[in-house]
Amino acid sequence: MLDLRRIRTEPDVVRAGLARRGVEPDELDRVLELDERQRALAAERDDLRNRIKGLSKQVGTLHKEGRGDEAAQVQAESRALGEREQELAAETAQLGDEVRDLLLRIPNLPHPDAPDGASDADNPVVRVVGFDPDGYGPHQRIPHWELGPRYGILDNERAVKISGAMFTMQRKGGATLARALLQYGLDRNVDQYEEVRPPSLVTTETLTATGQLPKFADDAYSVARDDLWAIPTAEVPLTSIHRDEIIDTAELPLRFMAATACYRREAGSAGRDTRGMLRTHEFDKVEVFAYATPEQAPDLLAEMVARTEATIGSLGLAYRTLEICTGDMGQSHHRSFDVEVYAPGTDQWLEVSSISWFADYQARRGNIRYRPGGGGTAMVHTLNGSALAVPRVWAAIVETYHRPDGGIDVPSALLPYFRGSDRIA
RNA sequence: GGAGCGGUGGCAGAGCGGACGAUUGCACCGGUCUUGAAAACCGGCGACCCGCAAGGGUUCGAGGGUUCGAAUCCCUCCCGCUCCGCCA
């Protein structure tokens, strides 16, 4: 959510920022218009309340002095004002709701340094590490959806029987690999990040704070009977840890990490990338998250990117990092980077991490504040990223570590998690 | 799920129809004293909205209602605690 005051005071700056994202916000004018009416009505309403208060005090005094007749007169006057006040209050509240609804749908402003662009085709590649297109043997050019069933480590046929399309099931070394990656992702970050095991079902309010609602309701699984939603990422509950709180400034930055299952309906992507482990309704992920001051945020963003890159690199996988252009950014993003791993069998760069700085956009939705130096309160900045998304890394490992003589090796970094074995299959 | 009791400022905890935005303690900030600190004493101190300001309004779990007037009374819901039931 953008700062309404900012929209009011520098509408041109806001308009220009949104234009960079290719958004033509008619909503902006509507917000300004409604806001102005809302404030005018609120002033009128407050004035009435003030007068009613004054009259009520008179009534009390008159009664005490035994002047009942006069009191009755003032009461009648006050009652009349009260009726008008109720009307105004209802109108004002409704306008306020309308403004907020509109505000929730307006996306964040991009960072000045974020590259301009229209779509994901315009995302500049920032780094490519460990990639040699000619460095892979024919045994590594087999996609994991063939290797998986061949070695009995991926059984999607039965997953579909159990839960339907786009659900997966790993078995034996494949299941171990999935769990090992989760543990490894946590272990890589435990030096700086507090481990959290948050709830997987959350309230509407929690899902709104992160920006998934109201705009992306179709993408989330809902448990309608209990008015709960399945989290699409741990970012959702982590962002709400300090919702409606004022964080002690000395504690910032506050860093959290969580390994959770993530649930996504993937509405609108039916039939795309549905093979193997590329796109699934349920997957595991280690997420890192931080609350920070605006001053701390840029360094934290860089740190999160560097950590994710190092984790992927430590698994012996090739990766590249892209900066997301204005036309491809998520609605809450201020600046973000993607890390993609190279899967030789699939012969694709697979997005395994999206690391984003939200500025105060989410904090405003969630009312998450701190006390800056000069006094008063201000919204914190939030950042988050995937430290390790399991399925696609799983795919890249299975393909990359397939041996010429058959079998799949365990990357050396994961050996401690494999109960003494050095083979996935 | 049933019964009982509760939800008040960063925390603790008063108030239970009329000067209550709310006594008080702790915490926090400033000052006096001190070589410095502690103690003691003095002063300040919730958040949000509108306003250049003066000031006004909101806010005592949430939402309704009664009343001239609600932290205080009534209703619904949410959350917590204790006991019972159920349960991995």
Side-chain angles (χ1 to χ4, degrees), chain A residues 1-10 31-104 197-209 223-229 237 240-252 254 261 291 360 363-380:
Chain A
M1 189 157 71
L2 295 178
D3 184 3
L4 180 56
R5 231 171 316 191
R6 188 157 178 220
I7 296 177
R8 211 144 62 201
T9 52
E10 27 184 35
V31 165
L32 285 168
E33 184 195 321
L34 290 176
D35 171 55
E36 203 179 319
R37 276 171 52 197
Q38 198 266 347
R39 279 182 300 145
L41 285 179
E44 210 179 317
R45 177 203 60 193
D46 287 353
D47 180 56
L48 274 176
R49 284 181 176 170
N50 182 234
R51 285 160 65 189
I52 292 171
K53 270 191 176 180
L55 292 176
S56 294
K57 277 183 188 166
Q58 278 186 40
V59 172
T61 313
L62 290 171
H63 272 307
K64 222 169 276 175
E65 296 172 358
R67 296 151 70 184
D69 290 355
E70 289 172 64
Q73 217 170 343
V74 177
Q75 277 180 27
E77 191 182 337
S78 180
R79 196 184 345 245
L81 290 181
E83 281 167 24
R84 177 72 184 131
E85 190 273 338
Q86 287 222 325
E87 285 171 32
L88 275 174
E91 227 175 309
T92 308
Q94 202 207 324
L95 279 174
D97 288 348
E98 276 180 54
V99 169
R100 186 181 161 84
D101 283 352
L102 283 173
L103 233 38
L104 285 176
R197 223 280 4 189
S200 305
L201 298 179
V202 300
T203 62
T204 296
E205 203 182 356
T206 298
L207 206 62
T208 303
V223 184
R225 191 160 90 156
D226 296 291
D227 197 22
L228 291 169
W229 304 78
S240 278
I241 289 180
H242 288 292
R243 179 152 49 86
D244 293 320
E245 291 183 23
I246 299 175
I247 300 173
D248 183 355
T249 306
E251 288 182 15
L252 294 173
L254 268 174
Y291 299 97
D360 59 6
R364 186 164 291 106
R365 283 173 172 244
N367 193 27
I368 312 164
R369 293 168 294 168
Y370 74 109
R371 299 181 197 279
T377 62
M379 299 295 166
V380 300

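In this text the structure is predicted, and so the values were computed from the model without any measurement. Letters A, B, ... mirror the listed sequences (proteins, then strands); counts begin at 1.
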### Query
Given the P atoms of B:rA71 and B:rU59, what is the spacing between them in whole Å?
7 Å
### Task
Please report, rounded to the nearest Å, how far the P atom of B:rA47 is from the CE atom of A:Met379.
13 Å
### Task
Quickly work out the A:Ile246 CD1 to B:rC48 C1' distance and round it to whole Å.
10 Å
### Summary
If pairing means Watson-Crick or G-U wobble with both distances under 3.5 Å, then the partner of B:rG1 is B:rC84
### Task
With P as the reference atom in both, quote the distance from B:rG80 to B:rC74 in angstrom, rounded to an integer.
24 Å
### Base-contact (B) and sugar-phosphate-only (S) positions in nucleotides 53-68 of chain B, heavy-atom cut-off under 4.0 Å, - elsewhere
---BSS---------B
### Message
Using the C1' atom as the point on both nucleotides, what is the distance between B:rG64 and B:rA70, in whole Å?
### Response
14 Å
#### Entry: Atom P, compared across B:rA62 and B:rG7: separation rounded to whole Å
13 Å
### Task
Count the heavy atoms belonging to other residues, nucleotides or ligands that lie under 6.0 Å from CZ of A:Arg39, then report whether that count exceeds 12.
yes
### B:rC81 to B:rG46 separation - P atoms, rounded to the nearest Å
31 Å
### Query
To the nearest Å, how far apart are A:Arg39 CZ and B:rC48 P?
18 Å
### Task
Indicate yes or no: at least one non-hydrogen side-chain atom of A:Arg243 is less than 4.5 angstrom from one of A:Glu205.
yes
### Query
For B:rC20, which nucleotide in any strand shown is its Watson-Crick or wobble partner with both distances under 3.5 Å?
none
### Query
Would you find more than 12 non-hydrogen atoms of other residues, nucleotides or ligands less than 6.0 Å from A:Asp226 atom CG?
yes
### Query
Taking atom C1' of B:rG46 as reference, at what distance in whole Å does atom CG of A:Asp248 sit?
16 Å
### Query
Who is the Watson-Crick or G-U wobble partner of B:rA37, with both distances under 3.5 Å?
none
### Message
If I take atom CD1 in residue A:Ile368 and atom P in nucleotide B:rA47, what distance separates them, rounded to the nearest angstrom?
### Response
18 Å
### Base partner of B:rC77, which must satisfy Watson-Crick or wobble distances under 3.5 Å
B:rG61
### Message
Please report the distance separating the P of B:rC60 from the corresponding atom of B:rG21, rounded so that it comes out in whole Å.
### Response
12 Å
### Task
Flag yes if more than 12 heavy atoms outside A:Glu33 fall under 6.0 Å of its CD atom; otherwise flag no.
yes
### Query
Mind checking the P distance from B:rC77 to B:rG4? Whole angstroms is fine.
14 Å
### Task
Please check the phosphate of B:rG10 (OP1 and OP2 only) for any side-chain N or O of A:Arg371 closer than 4.0 Å.
no
### Query
Got a salt bridge between A:Glu44 and A:Arg84, using NZ or NE/NH1/NH2 to carboxylate O under 4.0 Å?
yes
## Note on the structure
Between CZ of A:Arg364 and P of B:rC48 the distance, given in whole Å, is 12 Å
### Message
To the nearest 0.5 Å, what is the distance between OG1 on A:Thr92 and CD on A:Gln38?
### Response
6.0 Å
### Spacing between A:Arg243 atom CZ and B:rC79 atom C1', to the nearest angstrom
14 Å
### Query
With a 4.5 Å heavy-atom cut-off, do A:Tyr370 and A:Thr377 have their side chains touching?
no
### Message
Could you tell me the Watson-Crick or G-U partner of B:rG30, where both distances fall under 3.5 Å? Say none if there is no partner.
### Response
B:rC42
### Message
Could you tell me how far apart A:Asp244 (CG) and B:rC48 (P) are, to the nearest whole angstrom?
### Response
13 Å
### Query
Which value, in whole Å, describes the distance between the P atoms of nucleotides B:rA22 and B:rU58?
13 Å
## Note on the structure
Base orientation of B:rU59, chi within 90° of 0 counted as syn, else anti, reads syn
### Message
Using the rule salt bridge (Lys or Arg N to Asp or Glu O under 4.0 Å), only one of A:Lys53, A:Arg79, A:Arg49 pairs with A:Glu85; which is it?
### Response
A:Arg49
